[in-house]
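Structure first, commentary second.
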Amino acid sequence: MFELEKVYDPRAVEPEIFARWEQSGAFRSHPGDTPHDRTFTIVMPPPNVTGALHLGHALNNTLQDILVRYHRMCGFNTLWQPGTDHAGIATQAVVERRILQQEGKTRHDLGRDELVRRIWQWKDEYERRITSQLKLLGCSADWERSRFTLDDGLAKAVRHQFFKMFKDGLIFRGKRLVNWDTQLQTAVSDDEVYHETVKGHFWHFRYPVIDPKPGEPQHVIIATTRPETMLGDTAVAVHPDPAGFFDQQESKLRDALLKCSAKERAEIESKLAALADRRATHLDHLITLSRMANDGRKLRLPLVERIIPLITDEWADPTLGSGCVKITPAHDPNDYQVGVRKNLPMINVLTPDGKIAKIMEPDPAAAPVKPGSSENIHNDIYAGLEFSTQARAKVVADMESRGLIETIEDRETEIGHSDRSKTPIEPFLSDQWFVRTGDGEPLQLGDGSYATGLAQAAMDVVSNEDIEFFPARYAKTYLDWLGEKRDWCISRQLWWGHRIHDWYIVWEGPYSDYTSDSQTVRMDLDYLTPEQRSNLAPQVFPGRLGNRILVGFAVAPAHPDIETALIAHDATQDPDVLDTWFSSALWPFSTLGWPEETPHLKQYYPGTVLVTSRDIITNWVARMVMFGLYTMGKVPFDRVYITPKVLDGRGETMSKSKGNGVDPVDVIHIYGADALRYSMADMATETQDIRMPIEYLCPHCGHLTEQSLALKNEEQSRKSRGEKLERKLQPADCLRVRCTHKECATEFATQWADDTLKKELGLAREVSDKFEIGRNFCNKLWNAARFAFRYIENAPCDRLAVSDLLPEDRWILARLSETSRRIHGFMANYQFSAIVKELRDFFWDGLCDWYIELTKPRLSGEAASTSTHSAEASKRHACQVLAFCLDQSLRLWHPIMPFITERLWQQLNGIVPNRGMPGVVEIQTNCDLISAPMPPTDGYPAFDDPTILTTFSQLQEATRAVRDLRLKGNIVPKQMVDVTVILSDTDLKSFRANAHILRTTAGIASLTITSSGKRPVNSASLAIHGLRVYVHDIGDDVMERERTTKSLADIEKQIVGKQGKLNNPGFISGAKADVVAAERERLDQLQQQLASLRIQLGELGG
RNA sequence: GGGCGAUUAGCUCAGUUGGCUAGAGCGCCUCCCUUACAAGGAGGAGGCCACAGGUUCGAGUCCUGUAUCGCCCACCA
């Protein structure tokens, strides 16, 4: 039963171990009355169900699992709350695209219910896949509590939140300019828009002035890259004070010139010159125009024949174009601002599906000015044309034929594209729902306190460090973004998501009867009982339709009777759904059962730490904090740890859409989950992202092909086929790749190929040699344990006095104590890479390479008795210490490599059920490793021994010196040598006491240790810190002279440095006393060495 | 345009309030199939710490500037 395979095989171990944990309930959370500071909660950032996970997720979840397992072993009441996110637009877009590709159908062909059904199917498939990926990774989340952002419990939470915010006046409806995706027909958020440079033109148009006064121009010239938007122009703006503007710009530049470096100087001077030119050519004209504007001059907008004002506004930049700018409030974000400022009509000329709309002309009688009800008389010419293609051509042609085009320039423009549909974005004015985050009426938070607004409240808790960011610099990202206090658009014109639970009624009546006063509205709801009415939150929507107005009601959750009554009275439910981040923002408490007061909510809210990626600090982290404070009255987590990002070989972040995401299951299949986790943790440093060059593992020959090379090859072959490359090639463009191994050179398919191609060519898994270090370590751990198991069966568990142990025993125990202590420190600061390094040093270098190698003779019974230790006692001690160190190592490694350590732990429990160091630590072994305790936070003070650590490192250096000399002297390993060590009087005693260590490790027959003496005849020597090592009978005076000369030069150089330091009065007075003392001692040593080396060199005839 | 970060061995990265004779892993070279592990062991070579100034007794570390690279945010009639 003690036989382990010679090579660790993760595939034979992992499934069995994971099943064991699940069956034993080790992942489950148990709410009780544990105090907050002994509770550890992480809510998993719910992966989107858009697709399978890649290595970025693997990193994030590995780090979470490390923290969770660590805290569980430290005795915390632990919950890791898992789940998935419906990801609104992203998922709907993926499914729609797929249906279009496979069936040629759009969502309108399918209808709302059918599309949503299809997306649920997709969700089920990917949720399963995601969960299985995470489980293969070893994630110890409380899987039975898994939640999905659209499931019933969370839907309830969303409704409660929406109703509460609506009632508190935090949710409102308004017309806003949004990024409109004409393909998916929905608003998309700023971060779902990417920009592409496109070749276009810059058209300069003339708009005629109506009734110009003498001396005034007949036309105003404006320039645009989007001519079709002119149909919606409602003004032309010119700067209110052009002369002042030029003065101001000029003085700014002059100030800059005073402060600037020589290099910037030329640039600023040329700017100044340009400004002067501009002033000369344009200022008079602009002053005229601005005077005309103030005088109320109007323009005739060509084509649609609209009368529009010439206005003044600071947005018009006198240095750009003609100095005049057309204002299209409904189709440009900046113009929109001008429209709001100057109370201009906002005329929408775009249909949701990207065509020119029927244009409604403003009603000059209405105040404030609103789009009116009269149709433009030219609608039959333009309505229905494709917006930026047909309509643009038509507008330009019509302007041309009227002779109103001044010039046309070529120009490159940045066009916003939807990340989801890859089509151009149009700014579009539409009705949307918003969450007010800015300051306003005092807002009562969940704990009863008041804030000026949601954003401010969320900023305060970070400023005063109720929430801490790791690394700290990310607090700035968070604060900067929240500081803008932008309203949050929460409505999406999608079918996949939480339906907005608002019902609205179009009320026909005198506009003036209606204010936002809820009393007025309620009077009209006679068909509801007073009790039902109290469960409605009403809101009068701004704007009106002719002489009708819109009244909205949010219905309190769980009142279907009210909804039925509303429907019966011609109320309509808002067709929109909520932004996916609305439900995500509730995640820290909705998953725990809120709005119910569940035991889980009580025990596990607020969370301890959020582990996430820096690109959602704004979208997600900030919003969770706002909602947490508003709803729960407490921050949702005490700390935020921002993980590094996983980059591919070209330095680009891994993402599903780029197609450079590697499936962690591929890596697990080849290297094992522990190897993956080890490598990930090892690379997770504080400042660097993780570069992960990817290779394809050829299914035919097993050789690796670099992905970046494959991309280059693909690019070449596309070029040679004459294909145009409009963008940088992505890994997803490589469906088939040729193996770069010369003898193979066979094609294989990659993960992006379809099933038939995969079957035909064979599928290559994607890997990275970075994981070899993890696999190698697993094997080392495995074999070290395998070795130990041979000797430590029923090792004793005696009460031992540390001082009775041999030095090497005391040394490894001191190292263990030191390591344990450091691990706790690194964990507290999320220094994962440091944890791995520390543990690897302890285990591989300390325990395997030194301790085990040193103890082999004792373990096998070959060691002779000494004056202090009988051979038998020596063996017993070694077994006990080894068993103990192995036990402790498994615990310390477990959070990082759970599978292999658990497997070895089971074995260890069978072999040495009774182990430990009584008197220092009592060990329980009747549990699985996953729930076994960690070594204590402050290590084992009883084992701490700074002296032995110092002495040992000296011995190690001496050993290395002997080994080096042996190798250089061509001495075969089995041949014993005689060695003399010369060192200072101070170190003599401790060195002698430990001399057996040097003897064992270096293959020494006779060892002389002395503080004075000459070079033994025919010996080779090396000088190291404070001591010199001679290996006898190597006999090469030429080599020896060379080495001595080199050492001498080295030491002389150091002495010069030290003397310089110590002769410097500033150093003596400025530096700390211990630093000075250490330097003095060091100098003494060096000088002693120097003297004896000089003598030696003399003897050698140098 | 604004913000953040990086630049240390051939490669990937550590280097914690300034005290360094600058470290690790991989790769490389030499030796070793020694009964835990060749996915291993022993040893070694390899660095004007991007550049230029400054502060300091002392700078890889702090300050200023320059160069290169990366990320985030905003904007471009």
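Reminder, nothing fancy here: chain letters follow the sequence lines and each chain counts from 1.
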Heavy-atom side-chain proximity of Pro329(A) to Val338(A) below 4.5 angstrom: no
Distance between C1' atoms of A14(B) and C49(B) (Å, rounded): 13 Å
Rounded P spacing from C51(B) to C33(B) in Å: 45 Å
Ionic contact status for Asp689(A) with Arg614(A), cut-off 4.0 Å: yes
Min side-chain heavy-atom separation Trp203(A)-Met399(A) under 4.5 Å: no
Span that lies between the P atom of C4(B) and that of C11(B), in whole angstrom: 29 Å
Canonical and wobble pairing (Watson-Crick, G-U, under 3.5 Å) of RNA chain B, dot-bracket with |: (((((((..((((.....[...)))).(((((.......))))).....(((((..]....))))))))))))....
Of the listed nucleotides G43(B), C71(B), A36(B), the one nearest the side chain of Asp964(A): G43(B)
Nearest-angstrom distance, P atom, G25(B) to G40(B): 12 Å
Donor-acceptor pair present, Lys6(A) side chain and A39(B) base, under 3.5 Å: no
Value in whole Å for how far the C1' atom of U34(B) lies from CD1 of Ile852(A): 15 Å
Heavy-atom closest contact (Leu1062(A) atom, Ile1068(A) atom, distance): O-CD1, 3.5 Å
Between G23(B) (P) and Asp845(A) (CG): distance, integer Å: 15 Å
Sugar-phosphate, base or nothing in reach of Lys1058(A), heavy atoms under 4.0 Å: sugar-phosphate
Minimum-distance nucleotide to Phe1067(A) side chain [options: G19(B), C4(B), C71(B)]: G19(B)
Residue pair Thr1000(A) / Lys856(A), side-chain donor-acceptor N/O under 3.5 Å: no
Any donor-acceptor N/O pair under 3.5 Å between A36(B) base and Glu853(A) side chain: yes
Phosphate contact (A39(B) OP1 or OP2) by Arg775(A) side-chain N/O below 4.0 Å: no
Salt bridge flag under 4.0 Å for residues Arg960(A) and Asp964(A): no
Separation of the C1' atoms in A24(B) and C71(B), to the nearest angstrom: 27 Å
Output field: ring centroids Tyr791(A)/Phe787(A) closer than 6.0 Å: yes
